[in-house]
Amino acid sequence: MTARATRAGNAENAEETDDLDVEEALALVREPREDNGPAKGDRTPGGQSPAPAAQDGRTTDDRHRKAVPWNRARETAARAARTGGRRPPVSVSLADALGLALAAPLTALTDLPSFDTSAMDGWAVAGPGPWHVREEGVLAGHTPPEPLTDGEAVRIATGARIPPDTTAVLRSEHGRTDAKGRLHPTREMHHGQDIRPRGQECRSGDQLLPVGTLVTPAVLGLAAAAGYDTLTAVPRPSAEILVLGDELLDKGIPHDGLIRDALGPMLPPWLRALGAEVTRVRRLGDDAKALHRAVTSCDADLIVTTGGTASGPVDHVHPTLRRIGAELLVDGVEVRPGHPMLLARIKEGQHLVGLPGNPLAAVSGLLTLAEPLLRTLAARPAPEPYTLPLRDTVHGHPHDTRLIPVVLRGDHAVPLHYNGPAMLRGVAAADALAVVPPGGARQDQETELLDLPWAAAGIGVCFT
């Protein structure tokens, strides 16, 4: 079983699976059937297609013809982030650097180790044994020890400075003392044994890591060991979220035609996991004037809107973008769910990603447009693409790519059910999304996978 596979099925179907093991529980969300009906373009009830006529006079078919292939949409988003020029680096403390990319090489400020040190608890010995043992010992961080003479030994702790003229370190478990208190080895020794010589790992001035390296916990440890208190890094891109929709509740049980807002709680941690600093979440309802004020007053690198990207009577994103003279870079993507997503350049250095209002469609938009844009802005390395064979057949859309939640089991990806545009039950149990080409994928067919950010790295987000 892969490491990723261990995370699937943690809490799904709690009301149905109290007495089931993980595999039985996952069986409830695997894909026994497919839903190839029309994707919900936005918040249209019952899975109906958006209104046939757009507010700008174009039909929905006109917009569909402008939709771009899924791969091209991702390339466009990454390219858009490069057009504003390189963002100036910042100096951040080690405590604040996790998840950032290095904007300068990490160069050793000291030799590592900076002195000859003991690799084990035991005795520092000089010359051949047996040895007379000094009464005082040598501890890490204490006064430099006196030199040893041949036939002499001293107790030493791991990490302590080696006394001058030491021949080797004899491990505690490899020595014994006789009736006269002399130390004898219980196995053969060699010169330099269990001594870490100065500069074994690096010399001062050596480049330890190149520009662009993602700062992980191990990188923080290396930087601290090499003498750093701060790092020069690419700053996190800022993001502001605008939640649209009069029908959304921010608490309580859905009632009277109102539904709970799933995207308001979901998007901020998801964007943080993608490398963004979320500066604000605003709930605007279906209000064209409020949307215009919010977009024009926002100074974040990325504005993310939810809903309002289709052609209905309260879908105000397109009219707002036209009003402010934004450049529409992607207007629809050949992907299900999430077809009516969009990407626009508001001004140099600022973009807007319009997500569909249905939750899984919004996830599709995040991974299609927001992820490559934020990754490029943050100078994070692109994930290595990988494939796995599907355990089950997945029916596809005739023309569009499909993104299907999957769990990873051994060397296979297992498709999950509950993958409709408005559903989160499948993706909540998933390790990744399978990129299913038009026409579908048969059982055991190798299929590209997109890791969910916490499955791949967990930087900036913790699920325990």
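When a residue number appears, it is its place in the shown sequence, counting from 1.
- No side-chain heavy atom of I404 sits less than 4.5 Å from a side-chain heavy atom of L433.
- The pair D301-R87 counts as a salt bridge, with a side-chain nitrogen and a carboxylate oxygen less than 4.0 angstrom apart.
- Expressed to the nearest 0.5 Å, how far CZ of R236 lies from CG of L274 amounts to 11.0 Å.
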For residues 95-107, please give each side-chain donor-acceptor pair under 3.5 Å, one per line with the distance, not counting sequence neighbours.
residue	atom	partner	partner atom	Å
D96	OD2	S93	OG	3.1

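- Partners of E277 under the side chain to side chain donor-acceptor pair (under 3.5 Å) rule, at least two apart in sequence or in another chain, do not exist in this structure.
- At least one side-chain heavy atom of D331 sits less than 4.5 Å from a side-chain heavy atom of H318.
- At least one side-chain heavy atom of T305 sits less than 4.5 Å from a side-chain heavy atom of L352.
- Between E371 and R74 there is a salt bridge, with a side-chain nitrogen of the basic residue lying less than 4.0 Å from a carboxylate oxygen of the acidic one.
- Looking at residues two or more places apart in sequence or on another chain, you find no salt bridge (charged side-chain N to carboxylate O under 4.0 Å, His left out) involving R260.
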Quiz item: Can S238 and L302 be said to form a side chain to side chain contact (heavy atoms under 4.5 Å, CB included), step by step?
Solution: CA-CA 6 Å; S238 56; L302 173 63; over 6 Å; no

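- Counting heavy-atom neighbours within 6.0 Å of D229 CG, excluding the residue itself, gives a total of 12 or less.
- Heavy atoms only, all atoms of each residue included: T279 and A300 are closest at OG1-CB, 4.4 Å.
- The salt bridge (charged side-chain N to carboxylate O under 4.0 Å, His left out) check on R442 picks up nothing, with sequence neighbours excluded.
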- Message: With side-chain hydrogen bond (donor to acceptor under 3.5 Å, both in side chains) as the criterion, how do T376 and R79 come out once you've worked through the C-alpha distance, each side chain's angles and the decisive distance to 0.1 Å?
- Response: CA-CA 8 Å; T376 307; R79 188 168 56 250; over 6 Å; no

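- To the nearest 0.5 Å, atom OG1 of residue T368 and atom CD of residue E334 are 12.0 Å apart.
- Looking at residues two or more places apart in sequence or on another chain, you find a side chain to side chain donor-acceptor pair (under 3.5 Å) between D444 and H412.
- Sorted by first and then second residue, the pairs that involve residues 111-120 and meet salt bridge (charged side-chain N to carboxylate O under 4.0 Å, His left out), not counting sequence neighbours, are D111-R198, D111-R203.
- The line from CG of L222 to OH of Y228 is 9.0 Å long, rounded to the nearest 0.5 Å.
- The ring-ring contact (aromatic ring centres under 6.0 Å, His included) analysis of residues 233-288, with sequence neighbours excluded, yields the pairs W270-W454.
- Scored by the side chain to side chain donor-acceptor pair (under 3.5 Å) test, T447 finds no partners at all (sequence neighbours excluded).
- Counting only residues at least two apart or in different chains, ring-ring contact (aromatic ring centres under 6.0 Å, His included) contacts with residues 274-297 are absent.
- Residues that satisfy the side chain to side chain donor-acceptor pair (under 3.5 Å) test with S118, not counting sequence neighbours, are absent from this structure.
- The ring-ring contact (aromatic ring centres under 6.0 Å, His included) analysis of residues 199-222, with sequence neighbours excluded, yields no pairs.
- Residues satisfying the salt bridge (charged side-chain N to carboxylate O under 4.0 Å, His left out) test with E446, not counting sequence neighbours, are none.
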